[in-house]
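A short write-up of the structure that comes next.
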Amino acid sequence: MNWKTDLKLSDLEAGGRIEATCKKCGLTHYEQVARLRARPDMKHLYLDEAERLLRCASRFCRGPVRIALIHDDKTEGFAGGMA
């Protein structure tokens, strides 16, 4: 088991995004979680099942994609150091 088989689309924040990278051509695009949840075929799917349904955004490729979760873009400063 991994994080894709443990999480459902409904577990993610509606305002979140998922990064989808094409395994065939390498194009990366972003999917809105709310938009994916609105699709009747994806409403209650686990992330690994949704990954199998998603395709490349290029209309000439339409290859399978690999998904990754996008976390907050906040960068945090170095918290360690010498005492």
Side-chain angles (χ1 to χ4, degrees):
M1 297 188 84
N2 61 27
W3 62 273
K4 291 180 187 176
T5 58
D6 290 339
L7 288 175
K8 287 187 170 189
L9 279 173
S10 58
D11 294 337
L12 303 177
E13 292 181 18
R17 295 185 310 161
I18 294 176
E19 180 183 86
T21 304
C22 180
K23 294 179 183 179
K24 189 174 174 184
C25 72
L27 178 74
T28 299
H29 71 279
Y30 298 91
E31 296 280 350
Q32 295 290 332
V33 172
R35 189 180 310 170
L36 293 176
R37 278 194 212 162
R39 291 177 47 177
D41 61 335
M42 289 195 167
K43 195 170 198 171
H44 301 289
L45 294 182
Y46 284 93
L47 292 180
D48 65 325
E49 297 168 327
E51 181 178 51
R52 283 192 290 273
L53 290 178
L54 290 174
R55 294 287 168 217
C56 180
S58 171
R59 66 181 177 152
F60 298 111
C61 177
R62 304 304 291 166
V65 298
R66 177 180 48 254
I67 63 171
L69 295 179
I70 303 298
H71 298 287
D72 291 336
D73 293 336
K74 299 174 187 173
T75 54
E76 297 180 11
F78 180 66
M82 297 175 62

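The chain is numbered in sequence order, starting from 1.
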Going by salt bridge (charged side-chain N to carboxylate O under 4.0 Å, His left out), name the residues that satisfy it together with Arg39, two or more places apart in sequence or in a different chain. Asp41

Listed by chain and number, what are the salt bridge (charged side-chain N to carboxylate O under 4.0 Å, His left out) partners of Lys24, not counting sequence neighbours? none

Does any part of the side chain of [Y], heavy atoms only, come nearer than 4.5 Å to the side chain of [X], both counted from C-beta?
X	Y	answer
Ile18	Glu51	no
Leu27	Thr21	no
Glu31	Arg17	no

Nearest-0.5 Å distance, [atom1] of residue [X] to [atom2] of residue [Y]:
X	Y	atom1	atom2	answer
Lys4	Glu49	NZ	CD	13.0 Å
Arg66	Thr28	CZ	OG1	8.5 Å
Arg62	Cys25	CZ	SG	10.5 Å

Heavy-atom closest contact ([X] atom, [Y] atom, distance):
X	Y	result
Gln32	Gly16	OE1-O, 3.6 Å
Lys23	Val65	CE-O, 3.7 Å
Leu9	Ala50	CD1-CB, 4.2 Å

For Ser58, all residues meeting side-chain hydrogen bond (donor to acceptor under 3.5 Å, both in side chains), sequence neighbours excluded: none

Same hydrophobic cluster for Trp3 and Met42, using side-chain heavy-atom links shorter than 4.5 Å among ILVMFWY? yes

Mind checking whether Tyr46 and Leu69 sit in one hydrophobic cluster, side chains of I, L, V, M, F, W, Y counted as touching below 4.5 Å? no

Candidate pair Leu36 and Leu45, rule side-chain contact (heavy atoms from CB on, under 4.5 Å), full reasoning: CA-CA 10 Å; Leu36 293 176; Leu45 294 182; over 6 Å; no

Applying side-chain contact (heavy atoms from CB on, under 4.5 Å) to Asp11 and Asp6, what does each step give before you reach the verdict? CA-CA 10 Å; Asp11 294 337; Asp6 290 339; over 6 Å; no

